[in-house]
Amino acid sequence: MARLLRWRRHGRRLGIALVFVVAGTGLWQFQERQYRDEYTWMGVPGQESLKLTSLHRVFRNAGYLVGWSDVRVGSLWVSYQLNAVEDSDIGSRPSFRSDWRTLWPVKTSSYAKSGYDRGHLAPNYAIAAVHGREAQVDTFFMSNMLPQTPALNRQLWQRLEEAVMDHFAPRFERLQVISGPVYPEHFMDNVFNRVGLVEVPRAFYKIIVAPDASPAKALAFIMPQDVEGDEPLDDYLVNIDEVEDKTGLDFFPDLPDKRAQQLEGQVDLRGWALDDVANKPGRFQ
DNA sequence: TTTTATGT
């Protein structure tokens, strides 16, 4: 009889624990969903097919989301929204920080003497100007860095980021931007090409969407590591399908097929006035 | 310095 009572008590405790687990999981999923909706348009990037090299997990940061790969030891994508701002002053440049969420350690000193820059994926300036100080500090996580040649990072890529914030953002209500690396087609060809543990990309893509234009508009670029830096931006235009082919990612999974075909299958320059900025010189040269 | 590394 005593044993039966004890079991009942156990049962009740288990039941209460179970309620907490179920409710907690539900709450976590709800928050995760809310966060993703707030930071993305038409869903977070997914895998086009089940390949180890496009497998990733999502990190939430202030101001942007990250798709981190423990296979590449690098982020496959970052995603954030931008809008034009009145006050363009930002706080002082934060320090680089390693990110405890990465399985393999990437230290702030990991890139030293490699010849590569610690190139931001989610940019310091634009994120700081739009999303504030906490977000700015979060852009200095090493999980937001990839090895970039100085000519790309400080010149061509910087010019593109400046065009996005200073030229494209004021033209539309908001922008959805997704950036990340492009690796060689065969994993084994590049597997030892690393800075510390971080695999060195062959190129970088940036997708810029104006979601509130009707219909939505998109621009996409792929820029290789070996540039001079002063090339016209429009030399690197591609459509989103090409970025998906080269990364194995599916970028706007919630977009209906017909609209996806239209948005992702062509290079449509109307409305961007890219010519105004394509040859604008960089700030650092 | 809307990007960094390097050297002090």
Side-chain angles (χ1 to χ4, degrees), chain A residues 61-64 74-75 78-99 106-172 174-181 194-196 198 200-201 203-206 208 219 221 223-233 236 272 274 276-285:
Chain A
N61 291 324
Y64 70 105
S75 291
V78 301
S79 180
Y80 52 93
Q81 297 198 1
L82 297 178
N83 49 266
V85 293
E86 299 273 312
D87 179 10
S88 62
D89 283 347
I90 63 167
S92 64
R93 211 177 153 79
S95 309
F96 291 95
R97 305 147 67 195
S98 65
D99 188 338
V106 182
K107 294 186 291 183
T108 57
S109 58
S110 293
Y111 288 42
K113 308 226 168 140
S114 67
Y116 288 98
D117 280 1
R118 295 175 286 193
H120 282 68
L121 287 176
N124 168 36
Y125 173 75
I127 295 280
V130 176
H131 297 284
R133 181 64 181 178
E134 189 193 351
Q136 178 183 19
V137 169
D138 279 4
T139 67
F140 281 77
F141 273 131
M142 290 306 291
S143 54
N144 187 42
M145 307 298 154
L146 282 175
Q148 272 185 332
T149 56
L152 179 63
N153 183 40
R154 304 174 195 185
Q155 297 192 53
L156 190 66
W157 193 258
Q158 186 278 327
R159 287 167 53 214
L160 178 59
E161 287 181 338
E162 187 168 323
V164 170
M165 190 56 194
D166 292 352
H167 180 70
F168 297 146
R171 299 181 71 83
F172 302 98
R174 64 176 170 139
L175 298 176
Q176 177 71 52
V177 185
I178 305 180
S179 290
R194 287 172 191 265
V195 169
V198 180
V200 178
F204 293 84
Y205 68 86
K206 190 182 286 291
I208 305 142
L219 276 191
F221 299 85
M223 295 180 166
Q225 293 271 26
D226 59 343
V227 293
E228 300 286 333
D230 57 357
E231 294 88 345
L233 298 180
Y236 302 97
W272 295 97
L274 179 58
D276 295 356
V277 287
N279 290 291
K280 198 162 182 282
R283 305 176 86 88
F284 316 103
Q285 43 187 345

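Throughout, a chain's letter reflects where its sequence line sits, starting with A, and its residues are numbered from 1. Hydrogens, waters and symmetry mates play no part in the numbers below; they use all other heavy atoms, side chains included. This is a predicted model, so every value here is computed, not measured.
- Atom CG of A:Asn153 and atom C1' of B:dA5 are 11 Å apart (whole Å).
- Two residues are said to be in side-chain contact when any heavy atoms from C-beta on lie closer than 4.5 Å; A:Asp138 and A:Arg97 meet this criterion.
- In this structure, the CD atom of A:Gln136 is 9 Å from the P atom of B:dT3, given to the nearest Å.
- Of the side-chain N and O atoms in A:Arg283, none sit less than 4.0 angstrom from OP1 or OP2 of B:dT1.
- Between the CE atom of A:Met142 and the C1' atom of B:dA5 there is a distance of 13 Å, rounded to whole Å.
- Rounded to whole Å, atom P of B:dA5 lies 16 Å from atom NZ of A:Lys107.
- One atom, CD of A:Gln158, and another, P of B:dT3, lie 7 Å apart when rounded to the nearest Å.
- Among the heavy atoms of the strands lying under 4.0 Å from A:Gly119 are primed sugar atoms or P, OP1, OP2 only; no base atom is included.
- On a pure distance criterion of 3.5 Å, a polar donor-acceptor pair joins the side chain of A:Asp166 and the base of B:dT2.
- Here B:dA5 presents its P atom at 15 Å from CD of A:Gln155, a figure rounded to the nearest Å.
- For the pair A:Ser114 and A:Ile90, nearest-nucleotide mapping onto DNA chain B gives the more 5' position to A:Ile90.
- Between A:Phe96 atom CZ and B:dA5 atom C1' there is a gap of 10 Å when expressed in whole angstrom units.
- Going from atom CG of A:Leu121 over to atom OG1 of A:Thr139 covers 10.5 Å, rounded to the nearest 0.5 Å.
- Using a 4.5 Å cut-off on side-chain heavy atoms (C-beta onward), A:Tyr205 and A:Ile178 make contact.
- Every salt bridge (Lys or Arg N to Asp or Glu O under 4.0 Å) that A:Glu161 has, sequence neighbours left out, goes to A:Lys206.
- Taking atom C1' in both B:dA5 and B:dT1, the straight-line distance is 15 Å, to the nearest Å.
- Here B:dA5 is the nucleotide among B:dT6, B:dT2, B:dA5 with the atom lying nearest to any side-chain atom of A:Arg118.
- With sequence neighbours excluded, no residue forms a salt bridge (Lys or Arg N to Asp or Glu O under 4.0 Å) with A:Lys107.
- The distance between atom CD1 of A:Ile127 and atom P of B:dT3, rounded to the nearest whole Å, is 12 Å.
- As judged by a 4.0 angstrom heavy-atom cut-off over every strand, A:Glu161 is placed among residues making no nucleic acid contact.
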